[in-house]
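Here the structure comes first, spelled out in structure tokens, and everything after it is commentary.
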Amino acid sequence: MPRTQRVSSRAHLPLKTRPNRGALVRYGDRIAEVLGEAGGERVMIRSLHADGIERRSAVKWKNLKLLDDQLF
């Protein structure tokens, strides 16, 4: 029987559906807010980068991860 990898945290699970506007998600090492759909399987997000500047980006929604229960 093949072994299956068990994921202990929801933070590593990809989203199954498009996130709603205002939802908090994880994109890479950043926490982002979903601003709305951008078309072509993409959504607009607002996030803070390491330099402290707020940026808006269009990213593929399948690259977003569920945010776990703890922000920091």
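What you see is a predicted model, and the numbers here were worked out from it, not measured in a lab.
- For Glu41, the salt bridge (Lys or Arg N to Asp or Glu O under 4.0 Å) partners two or more places apart in sequence, or in a different chain, are Arg18.
- For Arg55, the salt bridge (Lys or Arg N to Asp or Glu O under 4.0 Å) criterion is met by Asp51, not counting sequence neighbours.
- Distance check: Glu33 CD to Leu48 CG gives 10.5 Å after rounding to the nearest 0.5 Å.
- What you find for Val34 and Val25 is that their closest heavy atoms are CG2-CG2, 4.0 Å.
- At least one side-chain heavy atom of Val59 sits under 4.5 Å from a side-chain heavy atom of Val43.
- Heavy-atom minimum distance, Ser47 versus Ile31: CB-O, 3.8 Å.
- Under the 4.5 angstrom side-chain criterion for Ile, Leu, Val, Met, Phe, Trp and Tyr, the cluster partners of Leu35 are Met44.
- Around the CZ atom of Arg30, the shell of radius 6.0 Å holds more than 12 heavy atoms that belong to other residues, nucleotides or ligands.
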